[in-house]
Amino acid sequence: AWINNQEELSQQLQELGVNASKVRWRFKSTSYPMENGTVLPGLKINGKTTAVCILEPKEGPPQREELALYSSGSPISSKPM
């Protein structure tokens, strides 16, 4: 894959603990105008991944309402602390 040739980007992903194979990459052809009036072809690349952050570890299994929040795609509890 092209990411293997991008040492700086690969290093940054590694420092963040993100496996490059877990990133969804989008490539788009574009062009870049130069100051002298010429236009150079280019490629714009966007990457997305999912990160999970545990704000406060809890003991024991999740409660029923917490499971409902996880299954809806939102890992954030609506219960007051």
Side-chain angles (χ1 to χ4, degrees):
W2 71 275
I3 189 69
N4 296 333
N5 296 322
Q6 306 299 318
E7 292 180 24
E8 184 178 345
L9 181 55
S10 293
Q11 179 66 31
Q12 289 176 347
L13 288 173
Q14 186 177 16
E15 288 172 7
L16 292 170
V18 175
N19 185 330
S21 67
K22 300 293 183 185
V23 178
R24 295 173 302 278
W25 300 103
R26 274 188 9 192
F27 300 83
K28 181 179 178 183
S29 296
T30 188
S31 57
Y32 293 95
M34 305 302 287
E35 289 182 11
N36 64 7
T38 61
V39 178
L40 298 177
L43 189 62
K44 183 175 182 178
I45 303 171
N46 288 327
K48 282 187 176 183
T49 193
T50 300
V52 177
C53 176
I54 299 173
L55 299 176
E56 180 181 330
K58 292 187 173 183
E59 296 293 324
Q63 300 301 312
R64 175 177 232 125
E65 56 273 6
E66 293 171 330
L67 288 174
L69 287 171
Y70 276 101
S71 65
S72 70
S74 173
I76 299 174
S77 174
S78 60
K79 295 170 77 174
M81 298 211 135

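Note that the coordinates shown come from a computational prediction; the quantities given were computed from them, not determined experimentally. Residues: numbered from 1 along the sequence shown.
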Exercise. What pairs of residues pass the ring-ring contact (aromatic ring centres under 6.0 Å, His included) test when at least one of them lies in residues 37-57, not counting sequence neighbours?
Worked result: none
Using a 3.5 Å cut-off and no angle test, enumerate the donor-acceptor pairs between side-chain atoms of residues 33-48 and protein atoms at least two apart in sequence or in another chain.
from: Asn36; atom 1: OD1; to: Thr38; atom 2: N; distance (Å): 3.0
from: Asn36; atom 1: OD1; to: Thr38; atom 2: OG1; distance (Å): 2.7

For residues 3-18, which side-chain N or O atoms pair as donor and acceptor with protein atoms under 3.5 Å away, sequence neighbours left out?
from: Ser10; atom 1: OG; to: Ile3; atom 2: O; distance (Å): 2.9
from: Ser10; atom 1: OG; to: Gln6; atom 2: O; distance (Å): 2.9
from: Gln11; atom 1: NE2; to: Glu15; atom 2: OE2; distance (Å): 3.1

Throw together a table of side-chain donor-acceptor distances under 3.5 angstrom for residues 20-31, partners on residues two or more places apart or in other chains.
from: Ser21; atom 1: OG; to: Asn19; atom 2: OD1; distance (Å): 2.9

